[in-house]
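Report on the following structure.
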Amino acid sequence: MSQLLRVQNFTVSSDGFGAGEGQSLETPFGHADPGDLLAWALATDHPPISRAEPGSRGLDDYITRDDSRNIGAEIMGRNKFGPQRGPWQDHEWQGWWGAEPPFHTPVFVMTHHPRPSFTLSDTTFHFVDDDPAAVLAQAEQAAQGRDVRLGGGATIIRAFLEADLIDTLHVAVAPTKLGSGARLWESPDELTDRFHQDVVPSSSGVTHHLFWRK
């Protein structure tokens with residue numbers, strides 16, 4: 001079985017935006033309220049950021065529980081790593097994620113301004129300035145036969161879609177509008193020329209869109 005490039009549990013607004021405008025250290029999602037976008041995942045028994053108390057079971061939990069299955073590396077855009085733009089001014093700042101990042105694998109951060117790799121707990125961040133195919137090749141090697149997760153944001157996912165490199169996508173559409181920001185799509189039907197699609201509504205209010213390559 002070949003390695004897959006997977007988008008897992010990526011959430012967009014009902015008008016297709018994965019984040020709002022004006023991202024900063026204080027507002028990682030810009031003008032978007034992350035509570036509105038991510039409430040469905042954070043309420044589950046297997047949320048993206050672990051917690052001590054139990055959460056909900058059912059469809060949403062079944063999907064979030066699959067997030068790290070057989071994942072050996074992650075690719076993300078610089079905006080997901082942090083809000084800094086241009087040349088790095090502060091190498092002491094090491095991302096949104098704190099001393100225990102939730103990835104537990106090598107992470108390849110795509111940026112036009114590389115910096116030295118560093119390790120926090122069991123996650124090593126590498127900073128690469130290359131095209132999607134070349135970055136995927138590095139991530140696949142680091143994953144040692146397991147799949148690679150494409151973590152986002154929306155701009156990076158679109159770049160990999162345009163390069164026709166993604167094998168499967170799960171996108172949760174939240175019942176909130178943003179109006180502007182980083183857009184993944186205007187309609188999920190944009191992908192049906194290359195992907196099969198299942199659409200599954202959840203009692204939490206989100207709608208899960210599952211895509212796999214034709």
Side-chain angles (χ1 to χ4, degrees), residues 1 3-20 27-30 32-76 80 95-107 120-123 143 145-154 156-157 166-178 181-182 184-185 187-189 191-192 195-213:
M1 179 72 71
Q3 291 172 286
L4 300 177
L5 179 61
R6 296 158 45 192
V7 175
Q8 298 283 116
N9 300 328
F10 190 75
T11 305
V12 300
S13 62
S14 60
D15 49 352
F17 295 97
T27 57
F29 284 78
D33 182 345
D36 290 342
L37 286 176
L38 302 178
W40 74 272
L42 297 175
T44 66
D45 205 34
H46 295 81
I49 300 174
S50 62
R51 61 166 188 270
E53 67 274 13
S56 65
R57 297 293 183 94
L59 173 63
D60 292 344
D61 183 60
Y62 184 85
I63 288 175
T64 58
R65 192 170 55 201
D66 194 49
D67 185 67
S68 297
R69 177 185 57 81
N70 198 42
I71 295 295
E74 167 133 353
I75 298 169
M76 67 172 63
K80 183 173 178 180
W96 306 111
W97 311 104
E100 299 283 341
F103 307 106
H104 313 295
T105 68
V107 174
L120 296 171
S121 184
D122 57 356
T123 298
R146 291 182 290 170
D147 295 340
V148 176
R149 180 172 53 219
L150 182 59
I156 290 296
I157 294 175
I166 296 175
D167 296 296
T168 68
L169 302 88
H170 162 242
V171 180
V173 177
T176 184
K177 285 189 175 183
L178 293 182
L184 177 64
W185 59 39
S187 166
D189 293 340
L191 305 185
T192 54
F195 294 91
H196 302 285
Q197 178 186 193
D198 276 348
V199 181
V200 186
S202 169
S203 59
S204 64
V206 302
T207 301
H208 298 289
H209 292 255
L210 306 170
F211 301 88
W212 64 101
R213 185 185 290 274

Next on the checklist: Test of understanding: with side-chain contact (heavy atoms from CB on, under 4.5 Å), list the residues that count as partners of Asp33, not counting sequence neighbours.
Outcome noted: Asp36

Checklist entry - Between Trp185 and Val12, does a side-chain contact (heavy atoms from CB on, under 4.5 Å) hold up when you go through it step by step? => result CA-CA 9 Å; Trp185 59 39; Val12 300; 4.2 Å; yes

Checklist entry - Side chains of Leu4 and Val148: does their closest heavy-atom pair fall under 4.5 Å? => result no

Item to check | Any donor-acceptor pair under 3.5 Å from Thr27 side chain to Phe29 backbone | outcome: no

Next on the checklist: I'd like to know whether Phe195 forms a side-chain contact (heavy atoms from CB on, under 4.5 Å) with Thr168, so could you lay out the CA-CA distance, the side-chain angles of the two residues, the decisive distance to 0.1 Å, and finally the verdict.
Outcome noted: CA-CA 8 Å; Phe195 294 91; Thr168 68; over 6 Å; no

Next on the checklist: Testing the basics here: between Gly20 and Leu178, what is the closest heavy-atom pair and its distance to 0.1 Å?
Outcome noted: N-CD1, 4.2 Å

Checklist entry - Got a second to check how far Thr176's OG1 is from Leu37's CG, nearest 0.5 Å? => result 6.5 Å

Checklist entry - Which is it for Lys80 and Glu74 under the salt bridge (Lys or Arg N to Asp or Glu O under 4.0 Å) test, yes or no, and what are the steps along the way? => result CA-CA 12 Å; Lys80 183 173 178 180; Glu74 167 133 353; 3.1 Å; yes

Checklist entry - Hey, does the side chain of Ser13 reach the backbone of Phe17 with a donor-acceptor pair shorter than 3.5 angstrom? => result yes

Checklist entry - Donor-acceptor pair, Arg146 side chain versus Gln3 backbone, under 3.5 Å? => result no

Checklist entry - Can you name the nearest heavy-atom pair linking Met76 to Ile156, along with the distance? => result C-CG1, 4.5 Å

Item to check | Full working for side-chain hydrogen bond (donor to acceptor under 3.5 Å, both in side chains) between Ser121 and Thr123 | outcome: CA-CA 6 Å; Ser121 184; Thr123 298; over 6 Å; no

Item to check | Side chains of Leu169 and Leu210 in contact at under 4.5 Å (non-hydrogen atoms) | outcome: no

Item to check | For Trp40 against Ser204, the heavy-atom pair lying closest together | outcome: CB-OG, 3.8 Å

Next on the checklist: Looking at Ser14 and Pro175, would you say the former's side chain and the latter's main chain have a donor-acceptor pair under 3.5 Å?
Outcome noted: no

Item to check | Side chain Asp61, main chain Asp45, donor-acceptor under 3.5 Å | outcome: yes

Checklist entry - Got a salt bridge between Arg149 and Asp67, using NZ or NE/NH1/NH2 to carboxylate O under 4.0 Å? => result yes

Checklist entry - What's the verdict on side-chain contact (heavy atoms from CB on, under 4.5 Å) for Leu59 and Val200, showing C-alpha distance, side-chain angles and the deciding distance? => result CA-CA 9 Å; Leu59 173 63; Val200 186; 3.7 Å; yes

Checklist entry - Roughly how far apart are Arg69 CZ and Ile71 CD1, rounded to 0.5 Å? => result 7.5 Å

Checklist entry - What's the verdict on side-chain contact (heavy atoms from CB on, under 4.5 Å) for Thr207 and Val199, showing C-alpha distance, side-chain angles and the deciding distance? => result CA-CA 7 Å; Thr207 301; Val199 181; 3.4 Å; yes

Checklist entry - Is any side-chain heavy atom of Asp66 closer than 4.5 Å to a side-chain heavy atom of Arg6? => result yes

Next on the checklist: Show the nearest heavy-atom pair for residues Ala154 and Ala182, with the distance to one decimal.
Outcome noted: CB-O, 3.7 Å

Checklist entry - Do the non-hydrogen side-chain atoms of Phe10 and Ile157 ever get within less than 4.5 Å of each other? => result yes

Checklist entry - What's the spacing between His208 NE2 and Thr11 OG1 if we round to 0.5 Å? => result 8.5 Å

Checklist entry - Taking only residues two or more places apart in sequence, or in another chain, which ones meet Pro47 in a side-chain contact (heavy atoms from CB on, under 4.5 Å)? => result Thr44, Arg51

Next on the checklist: If you define the side chain from C-beta out and look only at heavy atoms, does anything of Leu184 sit under 4.5 Å from Val171?
Outcome noted: yes

Checklist entry - Looking at His209 versus His170, is the centre-to-centre ring distance below 6.0 Å? => result no

Item to check | Residues Lys177, Asp15; criterion salt bridge (Lys or Arg N to Asp or Glu O under 4.0 Å); working and verdict | outcome: CA-CA 6 Å; Lys177 285 189 175 183; Asp15 49 352; over 6 Å; no

Item to check | Qualifying residues under ring-ring contact (aromatic ring centres under 6.0 Å, His included), relative to Phe103, sequence neighbours excluded | outcome: Trp97

Checklist entry - Does the side-chain hydrogen bond (donor to acceptor under 3.5 Å, both in side chains) test come out yes or no for Gln197 and Thr192, once each step is laid out? => result CA-CA 7 Å; Gln197 178 186 193; Thr192 54; 5.5 Å; no

